[in-house]
Undergrad: 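Attaching a single structure in structure tokens format; questions to follow.
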Amino acid sequence: MTEVSSLTGRLLVAAPALADPNFDRAVVLLLDHDEEGSLGVVLNRPTPVGVGDILQSWAGLTGEPDVVFQGGPVSLDSALGVAVIPGDEGPLGWRRVHGAICLVDLEAPPELLAATLGSLRIFAGYAGWGPGQLETELTDGAWYVVDSEPGDVSSPHPENLWRAVLRRQRSELAMIATYPDDPSLN
């Protein structure tokens with residue numbers, strides 16, 4: 001896959017017709033996308049588990065809500081840190097994904113990154129697709145692909161992120177933000 005066709009750093013916004021309950025109204029940030037497959041985290045699935053309950057040393061560095069997010073249905077026993085790190089340079093323990101959005105090495109001492117973090121979210125698990133699988137789902141209309149913004153990672157109201165991301169689009173996608181939660185009630 002060429003650099004131009006990579007979707008790394010972009011958002012997948014679930015179409016209303018997507019039937020998989022793991023991704024109902026999901027907004028997924030793609031962390032990697034190439035010929036070997038795709039990996040991302042669901043940005044709008046907060047859990048009731050506090051960050052301090054599982055990663056005490058990182059708890060003071062996360063934004064509100066200060067909870068672990070369910071990043072996807074794969075490897076729920078693993079954790080990923082996604083942060084906004086402004087500027088071109090950063091400390092050891094991070095990898096730029098796209099723009100200011102970075103992956104954080106949660107094995108690194110938090111104090112190495114504390115001064116440079118703009119925001120941080122901790123995700124349990126991730127969403128993954130094998131080679132060509134995501135492309136098939138895109139062709140089938142399961143996802144809308146849109147640009148990400150650094151604020152998407154740290155939205156203080158993740159329950160509204162699906163509608164907010166669609167609403168800011170300058171196309172017919174903005175109208176989909178008004179799609180009812182249960183169309184059978186209309």
Side-chain angles (χ1 to χ4, degrees), residues 6-14 20-34 36-87 90-131 133-134 137 143 145-159 161-162 165:
S6 176
L7 300 177
T8 298
R10 302 203 60 205
L11 297 177
L12 299 177
V13 181
D20 185 338
N22 290 305
F23 297 110
D24 182 44
R25 304 239 172 170
V27 177
V28 177
L29 172 66
L30 283 174
L31 302 172
D32 282 306
H33 177 251
D34 58 27
E36 296 178 21
S38 305
L39 179 137
V41 290
V42 179
L43 297 177
N44 58 337
R45 295 282 190 271
T47 71
V49 178
V51 172
D53 295 340
I54 60 165
L55 291 170
Q56 179 59 45
S57 60
W58 290 96
L61 299 175
T62 57
E64 290 298 323
D66 187 22
V67 297
V68 175
F69 282 65
Q70 184 174 337
V74 182
S75 293
L76 292 173
D77 57 345
S78 66
L80 288 169
V82 178
V84 174
I85 300 179
L92 295 175
W94 67 283
R95 176 179 69 88
R96 189 162 311 280
V97 173
H98 177 77
I101 300 169
C102 304
L103 272 172
V104 173
D105 178 1
L106 296 175
E107 299 293 321
E111 52 275 3
L112 281 180
L113 291 130
T116 59
L117 289 178
S119 64
L120 172 68
R121 279 268 155 84
I122 305 296
F123 296 90
Y126 62 90
W129 294 264
Q133 185 181 3
L134 178 57
E137 291 182 18
W143 300 99
V145 179
V146 301
D147 290 335
S148 63
E149 295 180 2
D152 296 333
V153 172
S154 58
S155 172
H157 304 287
E159 67 280 0
L161 192 59
W162 185 83
V165 168

Undergrad: Please give me the minimum heavy-atom distance between N44 and A26, naming the atom from each residue.
TA: OD1-CA, 3.6 Å
Undergrad: How long is the gap from CG on L31 to OH on Y126, to the nearest 0.5 Å?
TA: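 If we round to the nearest 0.5 Å, L31:CG and Y126:OH are 11.5 Å apart.
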Undergrad: Treating R45 as the side-chain partner and Q70 as the backbone partner, does any N or O pair qualify as donor plus acceptor under 3.5 Å?
TA: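 Side chain of R45 to backbone of Q70, a donor-acceptor pair under 3.5 Å: no, none is there.
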Undergrad: Just verifying a value: how many Å separate R95 CZ and L103 CG, rounded to the nearest 0.5 Å?
TA: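 One finds 5.0 Å between CZ of R95 and CG of L103.
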Undergrad: Rounded at 0.5 Å granularity, tell me how far CG in L61 sits from CD in E111.
TA: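 One gets 9.0 Å once the value is rounded to the nearest 0.5 Å.
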Undergrad: When rounded to the nearest 0.5 angstrom, what is the spacing between CD in E149 and OG in S154?
TA: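 E149 atom CD to S154 atom OG measures 11.0 Å (nearest 0.5 Å).
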Undergrad: Looking at side-chain heavy atoms only, is the closest gap between L43 and F69 below 4.5 Å?
TA: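 Result no, sub-4.5 Å side-chain heavy-atom pair not found.
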Undergrad: Restricting to side chain to side chain donor-acceptor pair (under 3.5 Å), what partner residues turn up for S38, sequence neighbours left out?
TA: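 None.
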Undergrad: Taking D152 for its side chain and V165 for its backbone only, find out whether a donor-acceptor pair lies under 3.5 Å.
TA: no
Undergrad: Mind checking whether P150 and H98 have side chains closer than 4.5 Å, heavy atoms only?
TA: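 No, too far: nothing below the 4.5 Å cut-off.
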Undergrad: On a heavy-atom basis, which atom in P65 and which in P158 lie closest, and how many Å separate them?
TA: CD-CD, 4.1 Å
Undergrad: Among all residues two or more places apart in sequence or in another chain, which pass the side chain to side chain donor-acceptor pair (under 3.5 Å) test with W162?
TA: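 W162 satisfies side chain to side chain donor-acceptor pair (under 3.5 Å) with no other residue.
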Undergrad: Measure across L161 and S155 and return the closest heavy-atom pair with its distance rounded to 0.1 Å.
TA: CD1-CB, 4.1 Å
Undergrad: If I compare all heavy atoms of Q133 with all of G128, which pair ends up nearest, and what's the gap?
TA: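 Looking at all heavy atoms of both residues, the closest pair is OE1-O, 4.4 Å.
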Undergrad: To the closest 0.5 Å, what do you measure between CG (L29) and CG (L7)?
TA: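 Separation between the atoms: 11.5 Å.
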Undergrad: So does L113 get a backbone contact from the side chain of W94, meaning a donor-acceptor N/O pair under 3.5 Å?
TA: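 No: the side chain of W94 does not pair with the backbone of L113.
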Undergrad: Could you check whether any side-chain N or O of S148 sits under 3.5 Å from a backbone N or O of L11, counting only pairs where one atom can act as donor and the other as acceptor?
TA: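 Not confirmed, S148 side chain does not pair with L11 backbone.
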Undergrad: How long is the straight-line distance from CD1 of I101 back to OG1 of T8, given to the nearest 0.5 Å?
TA: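 Answer rounded to 0.5 Å: 11.5 Å.
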Undergrad: In a check of side chain to side chain contact (heavy atoms under 4.5 Å, CB included) between L12 and each of V27, L134, V146, which one passes?
TA: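 Going through the options one by one, the only one that passes is L134.
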Undergrad: Can you give me the closest heavy-atom contact between L76 and P73, atom names plus distance?
TA: CG-O, 4.2 Å
Undergrad: Nearest heavy-atom pair of C102 and R96: which atoms, and what distance?
TA: SG-NH1, 3.7 Å
Undergrad: Heavy-atom distance under 4.5 Å between the side chains of I85 and L117, does that happen here?
TA: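 Side chain of I85 against side chain of L117, heavy atoms only: contact under 4.5 Å found.
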Undergrad: So, using side chain to side chain donor-acceptor pair (under 3.5 Å) as the criterion, who are the partners of D66 when residues are at least two apart?
TA: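 Partners of D66 by the side chain to side chain donor-acceptor pair (under 3.5 Å) criterion, ordered by chain and then number, come out as T62.
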